[in-house]
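What follows is a short report on a single structure.
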Amino acid sequence: MNEIIVGIDLGTTNSEVAIVREGRVTVIPVAEGVRILPSIVGVAEDGSLLVGEAARNQYVLHPERSVRSIKRRMGEDTHVTMAGKEYSPQEISAMILRRLKQIAEAHLGDTVAKAVITVPAYFSDAQRQATREAGEIAGLEVVRIINEPTAAALAYETGHSDARTVLVYDLGGGTFDVSVVHIEGDVVEVKSSHGNNHLGGDDFDEALVRHALKHLKDTQNIELSHAPVAMARLLRAAENAKIALSSQPYATLTEEYLTERDGVPIHLSLEVSRQDYEELITPYIDETLAAVHIALSGAGMAVADLDEILLVGGATRTPLIQKRLEDALGLQPRGEVDPDLCVAMGAAIQAGIIAGAQTPTILVDVTPYTFGTSAISMRDGEIYPYCYVPLIRKNTPIPTSRSEAFSTAYDDQEKVEVSVYQGEDPDALNNIEIGSFMIEGLRKAPAGNCIITTFTLDINGILQVAAREKETGLAQSITITNAIARFSGEKLDTARTRIDKLFGDDVEQKPAQDTDSAVQRQRTEAQALIEKAERMLPSASTENAEDLIDCIETLRDALTAQGSVDLKPAMDALADLIYYLEA
Ligand code: AMP
């Protein structure tokens, strides 16, 4: 039997885990009938950790105890505060990964210790490294990091044999990538990638929220942008309206008890037409189409060279996106593989290949960035010390390694500083410095002593830089110390212990929540809401008490109804009301 390696799509909004077994790809359910885990974590009032749906529900009530969209912070040397404690982006991501690991273990009845994790093609070295660290903190060896569009192409590829050039258009919650991929026989080759780490369906939600805020200001002179709870609720309403607008010409942004003025509750009910909505999001879609053309020219191709468009990411369900792509490229986008799941499926296929499962596709990936160093050279007739020397160029297939010879600038120079940059600008200072190190103890020699610098970019897109004095073989072991702090082994261990604690000591043995306990948990939460609302009754005004009683009754009815009645709408309504009354 092959070893178990799962494929994980660690998304900004949602995450999924998949596996290949007996030649079939399965996206593992996180609960009955649900294969998507919201990428949200939270700490409940009793201190227990919430991941996924439960954390998303809590986010509305307690944004200060919850964290969402952490992927946007990956690779930054920063912390987020959750329930009064600070966590690194790696630790928050690790909580999501750890939950996915549990879910996979419960499903497979076996330990899962290895994973292939996907990242946007545009993730930098530091962001990839942070993703790897998150895996380690979660107790997963990250055997490979692959680009999301590449994974998607793998998922679509199965079953086809003809050579073709494919545009993978991936618009998720928070990131956008477009890649030109050539598929021929067993080889999937990414020719070029372009994108924006800060563009996605969340921006569409925010555009709708701004629209609603303007409406509230214009019609009722209400300013809500500084009220975090109301904003969190508006965001939820906006996302619901956005999703409805993908299949309906109109949607209504509804939030009851959004705020109050002079003791009178203010409800929001704003109808938005698809046309209005499309106007709001057009600037974002324009930006994605510009990126499509940049990716095409990066691959040295024209629109006519494309054979197919593959859609990836939940936000590609937006009809305007499909229409604009068809208009611009003259091809109808393919979408038969679920755009939410195809990245995880592709990751699982890659995992299957590594584990030795029967799947023939070979993967060739490219670097989305140029990496290089700086050297003293002539510029505009003058000596300039920061001329950029690219070693690994953007869109080079990886893994790759390239060396370049440099010379010392003056006699008896004892040390040389090697700076490592990421970027395209001929002036190194306009690129991002991602690290630097010294090679010291050079031999006494006239200027021109040869130093060989080698850049090695592995299959995961992680960069290693080495420098060697040619004559003596003196080499410097290199640590890239840059503005973006990396985790030391010790720090990883500490983070892992912290997360173990949050998950509870018996976490390894504890199966993922089965449906029964999820249902039970929801019922307990519903009961707690009712009790809380009842405690508020004595001090509520007559009008508020009537509203409370209405909501309590509805939830009670749902709780006592026979069969599997969805408690969520009634719970949400009561939670919203409690929030409003407590605010
Ligand atoms: P992903 O990161 O791929 O999971 O995509 C998540 C994004 O897709 C979020 O912004 C969702 O709100 C959005 N999304 C999901 N379903 C739809 C839909 N039917 N129409 C428009 N956007 C959607």
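Both backbone and side-chain heavy atoms feed into the values below; hydrogens, waters and symmetry mates do not. Order of listing sets the numbers, starting from 1, for every ligand and every atom in it.
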Note to self: Pairing donors with acceptors under 3.5 angstrom, does anything connect the side chains of Ser93 and Gln90?
What the structure shows: no

Item checked: Nearest atoms (heavy-atom pairs only) where Arg324 meets Asp286 -> NH2-OD1, 2.7 Å

Next item on the list: Please state whether Ala315 comes within less than 4.0 angstrom of ligand 1, counting heavy atoms only.
Entry: yes

Notebook entry, point to check: Counting each atom of ligand 1 from 1 as listed, which ones have a heavy atom of Gly172 under 4.0 Å away?
Noted result: 1 (P), 2 (O), 3 (O), 5 (O), 7 (C)

Notebook entry, point to check: With respect to atom 14 (N) of ligand 1, which of Gly11, Gly201, Gly314, Gly173 exhibits the smallest heavy-atom separation?
Noted result: Gly314

Checklist line | Close N or O approach (Lys242, ligand 1; < 3.5 Å) | finding: yes

Checklist line | Identity and distance of the protein heavy atom lying nearest atom 16 (N) of ligand 1 | finding: Arg317 NH1, 3.5 Å

Next item on the list: Provide the number and element of each atom of ligand 1 under 4.0 Å from a heavy atom of Gly313.
Entry: 3 (O)

Next item on the list: Using a strict cut-off of less than 4.0 Å between a Lys/Arg side-chain nitrogen and an Asp/Glu carboxylate oxygen, indicate whether Arg210 and Asp203 qualify as a salt bridge.
Entry: no

Margin query: Using a 3.5 Å cut-off on N or O atoms only, is Asn14 in polar contact with ligand 1?
Written below: yes

Notebook entry, point to check: Is it true that Asp340 and Arg317 have a side-chain N and a carboxylate O under 4.0 angstrom from each other?
Noted result: yes

Note to self: Below 4.0 Å from ligand 1: does a non-hydrogen atom of Asp202 turn up there or not?
What the structure shows: yes

Check: Can you check whether Ser246 has an N/O within less than 3.5 Å of an N/O in ligand 1?
Finding: yes

Next item on the list: For Thr318, take its heavy atoms, then give the atoms of ligand 1 lying under 4.0 Å from any of them.
Entry: 21 (C)

Note to self: When you measure from the centre of the six-membered ring of Tyr156, is the NZ or CZ of Arg334 closer than 6.0 Å and no more than 45° off the axis?
What the structure shows: no

Next item on the list: Would you check, one step at a time, whether the test side-chain contact (heavy atoms from CB on, under 4.5 Å) holds for Leu140 with Ile8?
Entry: CA-CA 11 Å; Leu140 284 168; Ile8 293 179; 4.0 Å; yes

Next item on the list: Please round to the nearest 0.5 Å and tell me the distance separating atom CG of Asp202 and atom OG1 of Thr13.
Entry: 4.5 Å

